[in-house]
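Let me begin by presenting the structure, written as structure tokens, before commenting on it.
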Number of protein chains: 2
Amino acid sequence: MTGQVRTVDGRVAGRRGQATRQKLLDCLSEMLSSSPYRDVKVIDVARRAGTSPATFYQYFPDVEGAVLEIAEQMAAEGAELTQLLEGRSWVGKAGWQTSQELVEGFLDFWRKNDAILRVVDLGAAEGDKRFYKIRMKILNSVNNSLTDTVKELQAKGKVDKDVSPAAMAGSIVAMLAAVASHQRGFQTWGVKQHELRPNLAMLVHLGVTGKKPTK
Amino acid sequence: MTGQVRTVDGRVAGRRGQATRQKLLDCLSEMLSSSPYRDVKVIDVARRAGTSPATFYQYFPDVEGAVLEIAEQMAAEGAELTQLLEGRSWVGKAGWQTSQELVEGFLDFWRKNDAILRVVDLGAAEGDKRFYKIRMKILNSVNNSLTDTVKELQAKGKVDKDVSPAAMAGSIVAMLAAVASHQRGFQTWGVKQHELRPNLAMLVHLGVTGKKPTK
DNA sequence: TCGGTAAGCTGACGGCATGACAGGACAGGT
DNA sequence: ACCTGTCCTGTCATGCCGTCAGCTTACCGA
């Protein structure tokens, strides 16, 4: 189940092969950061990796296939996002803390992986189920946890009955993802990073608990 | 200043030429809805329009250039979004109404233009200033109006001093745009359209006024 | 009616990326 | 030194890109 790495034609990749493969992924990753997705060519990736296009096709069916691979790796790392919510309190000052740390962690993760996340977002929006699944995998931990929190608060009567926990959580998570992927844009819009984060945290807190945070 | 339509090589386009040009734009628009942006080829667009690739290059420098054109047209239509906020009240029941109508109008606009908006979003996220400007143009009316509203409420002491109106408005608008572009995704996530909208409206209201709406 | 002129369109072409294959280079074991 | 399976690349057919010269069409003034 460890998922032996295989070439397109079915051979098992050895140590050297895996290194080459990883190098291609790394170079593709760099290219995605520096040029539009539409313009990323196999030949450029291969050149940058000091190898030939044919080698690329030995490990990946096409650019999209390689992108999916990178995205999977990132999604695996994204499991850390769960920690931002596990066992946290949403009451009083601790609630404000939780909210702030969620925003912080989320934006940082997004910033670290912005290039690949852009492509994943596009793929998902275009209806590609594979990309959609990866996006889910990253967002689900946060989303589920938020949904549960809202449900609990609702059970205690602290949140209105007519709130749909799933819809609320989904909206909040979508907001976080959107703001994260347009962080640069906000700066152009005259919004400073240190203004953005607390306000986002406020909005998250408002959405989850229905109340202003205690600071 | 009416912006005479010109071909790439500087000729003035006549009636026939403009028709061809528009047909190409329409076909490109369709293609964007039905296949991934990365895979849209000039030759396919031309074929679909019943013309030759060379004709395409007479009117547009490349696919991206044509996409920008479509986006501009859409942005112009997007001016209607301003009406969702002009002269509206954010107090009491009227405030809840405003919030609901904003969400409604926004999601509808996004759904109507989802294909092109995806590409605009990608371009903006990739740092392309032209796409970013178009995205701004669409979102700005809503954003500015929301910013003003928050400022006013803040001046009256109804919203905390430490809220940054621009950051709050920007976050809300980003959320609307994000949820809008993943509307289909929400359904897969088990969230129904009729649940989503009121919850979004609630979040908008909470963000703008800091209070739960009066229903 | 008849050119003249500019708009409009396309066939054809060099250039480049794609994707497949066969064969050569290389590392590890005997 | 030799063998074996892994690994890489040169080469090729195919197809799209982007450009140009040149042909057709529409319009207009004489």
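Proteins come first, then strands; the chains are lettered A, B, ... in the order of their sequence lines, and each starts at number 1. All values reported here derive from a predicted model rather than from experimental measurement.
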For this session: Could you say whether A/T7 or B/R15 is positioned toward the 5' end of DNA chain D, judged by the nucleotide with the nearest heavy atom to each?
Result: A/T7
Problem set entry | Check ion pair A/D108-A/R197 (N to O, under 4.0 angstrom) | yes
For this session: Kindly give the heavy-atom pair with the smallest separation between B/V179 and A/S171, and that separation in Å.
Result: CG2-CA, 4.1 Å
Exercise. Rounded to the Å, how far apart are B/R38 CZ and D/dC17 P?
Worked result: 13 Å
Exercise. For B/K41 and D/dG18, what is the distance between atoms NZ and C1' respectively, to the nearest whole Å?
Worked result: 14 Å
Problem set entry | Nucleotide nearest B/R16 (side chain, heavy atoms from C-beta), chosen from D/dC20, D/dA26, D/dC7 | D/dA26
Exercise. So, is the end of the B/R118 side chain (NZ or CZ) under 6.0 Å from the ring centre of B/Y37 and within 45° of the ring's axis?
Worked result: no
Exercise. Hey, are the side chains of A/L84 and A/V142 touching, using non-hydrogen atoms and a 4.5 Å cut-off?
Worked result: no
Problem set entry | Carboxylate-amine/guanidinium proximity below 4.0 Å for B/R88 and B/E101 | yes
For this session: Considering non-hydrogen atoms only, spot the tightest contact between A/S164 and B/N199 and give its length.
Result: N-OD1, 3.1 Å
Problem set entry | Length of the line joining A/R47:CZ and D/dG10:C1', which is rounded to integer Å | 15 Å
For this session: Would you please confirm or rule out a distance under 4.0 Å between OP1 or OP2 of D/dT9 and any side-chain N or O of A/T55?
Result: yes
Exercise. Reading DNA chain C 5' to 3', which nucleotide is the first, and which the last, to come under 4.0 Å of any heavy atom in chain A?
Worked result: C/dA17 to C/dC21
Exercise. So, are A/E77 and A/K112 salt-bridged, with charged N and O less than 4.0 Å apart?
Worked result: no
Seminar exercise, completed: Rounded to whole Å, CD of B/Q58 lies from C1' of D/dG18 at a distance of 13 Å
Exercise. Looking only at side-chain N and O atoms, does B/Y57 come under 4.0 Å of OP1 or OP2 in D/dG18?
Worked result: yes
Exercise. Pick the nucleotide of DNA chain D nearest each of A/G50 and B/V40; which residue has the one closer to the 5' end?
Worked result: A/G50
Problem set entry | 5' precedence on DNA chain C between A/D62 and B/T20 (nearest-nucleotide basis) | B/T20
Problem set entry | d(OH, A/Y59; P, D/dC8) in whole Å | 4 Å
Problem set entry | Between C1' of D/dT24 and CZ of B/R11, the distance in whole Å | 12 Å
